[in-house]
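Just so it is clear, the structure is predicted and the values come from calculations on it, not from any experiment. Side chains are part of it too, since the values below use all heavy atoms of this structure and drop only hydrogens, waters and symmetry mates.
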Amino acid sequence: MKKFLIAAALVLSIAAPAFAHHSPAAFEPQKTVTPTGTIKEFRWQNPHTWIELFVPNEKGEQVLWAVELTSPTYLVRAGWKSNTLKPGDKVTIVGRPLKSGEPGSAIFTSLTLADGRKLAERPARQGGEAK
């Protein structure tokens, strides 16, 4: 019984952080924000990629936004590469804002590049597939 409890405690100690970091509870699921700005950094890393974006506020001051995306594995399937975004690129992002209303952070939904191309986290569904 003692070995079972030790094994269970070990599994829970490893699994709990994995479940905890995936909670979207801080973000508003029914609202979107669309910051337009300049890429500071695109971090291609696991378990989530990140975009840091300079966005001018109403006073013309640059506000640094941090936008969380899914893992590189899913982005590759949707046509992304580690160099898809570069510092200095102009983009418009659609994302879910913080419930608190504070600007500067969002969960990614989609992105439009300066040339009009749109990118998402998942490949577009083909006709005939279930939604």
Side-chain angles (χ1 to χ4, degrees):
M1 182 67 166
K2 186 176 178 181
K3 287 182 183 179
F4 172 78
L5 292 175
I6 291 171
L10 180 61
V11 168
L12 287 175
S13 69
I14 293 170
F19 289 116
H21 93 275
H22 282 96
S23 175
F27 297 92
E28 183 60 60
Q30 302 302 320
K31 294 182 182 176
T32 58
V33 290
T34 55
T36 297
T38 305
I39 298 290
K40 175 188 177 210
E41 183 178 5
F42 178 45
R43 287 186 272 153
W44 186 264
Q45 64 188 35
N46 280 310
H48 299 279
T49 53
W50 287 86
I51 296 171
E52 288 187 343
L53 181 74
F54 286 118
V55 178
N57 66 14
E58 59 280 348
K59 296 177 185 175
E61 303 164 332
Q62 296 295 317
V63 176
L64 183 61
W65 279 68
V67 180
E68 180 181 347
L69 292 81
T70 191
S71 74
T73 301
Y74 286 108
L75 294 178
V76 166
R77 292 176 190 163
W80 293 64
K81 296 178 182 174
S82 63
N83 63 354
T84 295
L85 300 175
K86 294 173 242 15
D89 287 351
K90 307 280 189 216
V91 298
T92 298
I93 292 176
V94 177
R96 305 284 180 208
L98 287 169
K99 286 182 178 178
S100 68
E102 293 178 54
S105 187
I107 294 287
F108 181 86
T109 302
S110 65
L111 175 142
T112 304
L113 298 167
D115 66 8
R117 287 183 295 146
K118 295 184 187 239
L119 301 172
E121 289 185 321
R122 305 284 197 273
R125 293 184 185 266
Q126 300 300 315
E129 285 188 325
K131 290 185 180 182

Heavy-atom pair with the smallest gap, counting every atom of A78 and P123: CB-N, 3.7 Å

Heavy-atom closest pair (L53 atom, G37 atom, distance to 0.1 Å) is CD1-C, 3.5 Å

In the single-linkage hydrophobic clustering (I, L, V, M, F, W, Y; side-chain heavy atoms under 4.5 Å), do I107 and V55 co-cluster? no

In the structure I gave you, are the side-chain heavy atoms of R122 and T70 within less than 4.5 Å of one another anywhere? yes

Please list, one pair per line, the donor and acceptor atoms closer than 3.5 Å that link side chains of residues 83-95 to other protein atoms, with sequence neighbours excluded.
{"unit_1": "T84", "atom_1": "OG1", "unit_2": "K81", "atom_2": "N", "d": "2.6"}
{"unit_1": "T84", "atom_1": "OG1", "unit_2": "K81", "atom_2": "O", "d": "3.0"}
{"unit_1": "K86", "atom_1": "NZ", "unit_2": "N83", "atom_2": "O", "d": "3.1"}
{"unit_1": "D89", "atom_1": "OD2", "unit_2": "K86", "atom_2": "N", "d": "2.8"}
{"unit_1": "K90", "atom_1": "NZ", "unit_2": "T38", "atom_2": "OG1", "d": "2.9"}
{"unit_1": "T92", "atom_1": "OG1", "unit_2": "T36", "atom_2": "OG1", "d": "2.8"}

May I ask you to decide if the ring planes of W80 and F108 are parallel, tilted or perpendicular, using 30° and 60° as cut-offs? perpendicular

Heavy atoms of R96 and F27 approach each other most closely as O-CD2, 3.3 Å

Check whether any side-chain heavy atom of L75 lies under 4.5 Å from a side-chain heavy atom of E121, and answer yes or no. yes

Would you name the heavy atoms of P72 and T49 that are closest together and state the gap between them? CG-CG2, 3.7 Å

Do F42 and V63 belong to the same hydrophobic cluster, where Ile, Leu, Val, Met, Phe, Trp and Tyr are linked whenever their side-chain heavy atoms lie under 4.5 Å apart, directly or via other members? yes

Between H48 and L69 (side chain of the first, backbone of the second, donor and acceptor by atom type, cut-off under 3.5 Å), is there such a pair? yes

With S82, which residues qualify under side-chain contact (heavy atoms from CB on, under 4.5 Å), at least two apart? W44

Is there a side-chain contact between E52 and R43 (heavy atoms, below 4.5 Å)? yes

Should V67 and L64 be regarded as members of a common hydrophobic cluster, given that ILVMFWY residues are connected when their side-chain heavy atoms come within less than 4.5 Å of each other, either directly or indirectly? no

Least distance between heavy atoms, A106 atom then W65 atom: CB-CZ3, 4.2 Å

